[in-house]
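We count ligands from 1, going down the list as the structure has it; atoms in each ligand are counted the same way. As a basis for the values below, the full set of heavy atoms in this structure was taken, side chains included, without hydrogen atoms, waters or symmetry mates.
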Amino acid sequence: MNQLLWLRTDLRVSDNSALAAAMSAGPTVALYLITPGQWLAHNDAPCKVDFWLRNLAELSVRLSELNVPLLIRTVHDWQAAPAVIADLCRTHEIGTLHVNDEYGVNEQRRDEAVDEALRKTPTVMRRHLDQLLFAPGSITTLSGGYFKVFSQFRKVCYARLTQSLPGCLPVPDRQASLPIARDSVPQAVDGFGQPSDYLRSLWPAGEDFAQQRLAQFAEDDMAEYEQRRDVPAEPGTSQISAYLAAGVVSPRQCLHAALRTNHGEHDSGNPGAVTWINELLWREFYKHILVGYPHVSMSRGFRRETDALPWRHAPEELAAWQQGRTGFPIIDAAMRQLLATGWMHNRLRMIVAMFLSKNLLIDWREGERWFMQNLIDGDLAANNGGWQWSASTGTDSVPYFRLFNPLSQSAKFDPDGRFLRRWLPELAGLDKRAIHNPAKLNGLFTAVDYPPPIIDLAMSRDRALTAFRQLGEAL
Ligand code: FAD
């Protein structure tokens with residue numbers, strides 16, 4: 001029987017569980033659904049949609065080298081998926097539909113609806129583990145529940161990795177050609193603007209490039225990751241997130257790259273490699289949280305009581321934060337990096353998220369949405385987890401009283417102001433001390449076209465602490 005591979009966030013031919021299973025079972029056809037209405041509803045960024053399409057075009061070529069035709073169907077949203085897929089299965093006499101699991105609530109409902117529709121047909125649906133090292137539900141507490149604390153989750157992951165390592169699958173052998181023509185991949189989708197050439201040049205498409213970026217990071221930078229990962233002016237992190245989010249590279253491939261650098265060790269040896277594997281496990285943790293505690297993705301705080309926080313309606317402050325004109329250079333430089341590149345350094349994501357949710361006391365969901373609308377690596381679980389960590393509404397999140405001070409964070413992690421000068425050219429003439437807090441220059445500063453701070457840090461800190469404390473008293 002023929003096999004259908006439905007591609008989603010798994011845009012690669014190497015180490016692709018569903019592709020390998022399909023091609024080992026019989027002649028395989030691949031499908032990708034373009035769903036602009038769904039992507040808009042999920043706040044997927046135009047640069048991310050463009051990245052998907054560029055990777056899909058590369059993937060279509062790789063698949064055709066394997067004689068697997070890639071079919072493209074465009075529908076408004078996932079509601080149409082069961083009918084479109086059932087129709088394709090009928091037309092191409094499909095025995096099995098193969099998918100790699102995705103973990104968002106809507107994604108799971110979509111797959112259940114497709115499965116349900118296929119039960120009335122000769123086609124069966126098979127789901128595969130691909131986006132994660134460990135299936136959600138397989139890393140649990142002694143009583144079988146999902147972990148809420150990362151260090152405990154990681155301990156079990158370490159034990160599993162010691163027992164057996166998830167291996168990588170090779171690119172399948174080429175199959176005999178099929179009498180089915182591949183569809184062309186559109187270069188753009190209505191409703192999503194085109195990103196700049198500059199942004200695109202930062203994120204070349206294709207599996208070969210992703211492997212190259214991973215190998216280069218593992219060989220040249222991973223050993224130094226521990227020291228350089230918090231310095232936004234340095235290329236000290238892998239910048240692999242967009243490729244992981246779109247599935248152009250797999251977490252197993254990332255893990256093995258780190259293990260090669262670290263002579264097979266995952267929890268000891270080179271601190272850079274160990275810390276990097278730790279980050280892969282944070283990625284894993286937040287996806288498990290999404291499955292175990294699905295309310296987090298339904299606009300609810302993990303800690304439900306935090307939904308009662310008195311979030312401020314402050315559209316002008318929100319817009320200043322979004323556009324990078326708060327008068328705090330580290331916030332503004334970070335937000336401009338996001339708009340220009342589709343990516344933001346992790347240290348900065350934490351600083352700007354805490355500034356919005358604590359100092360401005362604006363609902364973290366506003367920030368979560370803005371990030372999704374602009375990130376090329378936007379990922380529901382990691383983004384939600386990162387926002388809820390920063391806003392102290394999440395699991396294992398930063399305690400509410402540990403507020404980052406954006407000025408001291410700036411001086412600590414960008415001591416020479418290199419990152420600030422890169423993104424705020426209007427401040428380039430200031431020395432490395434003045435650049436973190438130009439408002440202190442008073443009269444001298446008026447010549448520079450840069451806004452004054454939109455908020456008093458001490459007042460806003462007290463306001464946030466009071467709001468959280470009152471939350472406790474109200475319970
Ligand atoms: P590296 O430091 O090289 O890490 C390697 C990989 O580990 C990353 O590519 C990523 O897949 C994973 N990872 C690293 N840190 C985390 C983390 N804290 N949580 C989960 N996974 C992690 N990451 C996303 O992939 N998509 C998002 O939408 C996203 N939104 C975030 C929002 C906020 C408010 C915060 C604080 C963090 C967010 N992160 C998100 C996590 C992290 O900032 C990015 O994964 C990281 O900056 C990507 O750069 P990198 O590939 O160079 O990471």
Side-chain angles (χ1 to χ4, degrees), residues 9 42-45 47-48 51 104 131-133 150 153-154 202-203 210 213-214 216-218 220-222 224-232 234-251 253-255 257-258 261 272-290 297 321 331 334-335 337-338 341-358 364-398 404 409:
T9 42
H42 281 181
N43 294 307
D44 289 318
C47 63
K48 188 168 77 172
F51 186 64
Q131 222 182 55
L132 288 171
L133 301 171
F150 174 70
F153 171 85
R154 180 183 57 191
L202 299 173
W203 309 102
R213 183 168 279 192
L214 177 62
Q216 198 172 342
F217 172 73
D220 301 343
D221 301 310
M222 194 180 285
E224 305 278 298
Y225 180 72
E226 174 72 357
Q227 292 99 292
R228 294 170 75 209
R229 61 193 283 254
D230 273 321
V231 183
E234 301 257 333
T237 69
S238 66
Q239 303 211 350
I240 205 78
S241 50
Y243 300 89
L244 262 173
V248 185
V249 68
S250 77
Q253 291 171 329
C254 290
L255 174 68
T261 299
V274 173
T275 307
W276 200 69
I277 292 173
N278 198 53
E279 297 307 316
L280 294 179
L281 295 180
W282 270 107
R283 173 184 176 277
E284 198 88 2
F285 178 61
Y286 283 137
K287 284 195 195 291
H288 285 232
I289 290 284
L290 201 61
S297 65
W321 176 84
I331 305 290
M335 296 309 286
Q337 178 184 41
L338 171 63
T341 69
W343 184 85
M344 192 194 288
H345 189 277
N346 180 60
R347 167 63 42 183
L348 303 175
R349 293 189 205 208
M350 294 191 288
I351 297 174
V352 303
M354 218 178 273
F355 182 78
L356 184 81
S357 58
K358 303 276 178 58
W364 58 270
R365 284 156 280 228
E366 293 282 2
E368 182 193 28
R369 187 177 318 123
W370 184 253
F371 265 34
M372 277 311 267
Q373 286 170 345
N374 289 283
L375 278 173
I376 195 162
D377 66 13
D379 172 87
L380 174 63
N383 194 40
N384 184 274
W387 272 96
Q388 297 223 40
W389 183 91
S390 309
S392 305
T393 62
T395 173
D396 206 4
S397 52
V398 66
F404 288 177
Q409 290 280 313

field: Reference residue F51; test ring-ring contact (aromatic ring centres under 6.0 Å, His included); the match among W343, Y243, W203
entry: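 Result for ring-ring contact (aromatic ring centres under 6.0 Å, His included) with F51: Y243.
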Check ring pair (Phe, Tyr, Trp, His ring centres under 6.0 Å) between [X] and all other residues, then give those that pass, not counting sequence neighbours.
{"X": "F371", "result": "W387"}
{"X": "F404", "result": "none"}
{"X": "H288", "result": "F153"}

message: Looking only at the side chains, is there a donor atom on one of N346 and R229 sitting less than 3.5 Å from an acceptor on the other?
response: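 Distance-only check fails for N346 and R229.
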field: Residues N383 and E368: side-chain donor-acceptor under 3.5 angstrom
entry: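 No, no side-chain donor-acceptor contact under 3.5 Å.
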message: I'd like the residue list for ligand 1, meaning every protein residue with a non-hydrogen atom under 4.0 Å from the ligand.
response: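 Heavy-atom contacts below 4.0 Å: Y225, T237, S238, Q239, I240, S241, L244, W276, E279, L280, W282, R283, Y286, W343, M344, N346, R349, M350, A353, F371, L375, D377, G378, D379, A382, N383, G386, W387.
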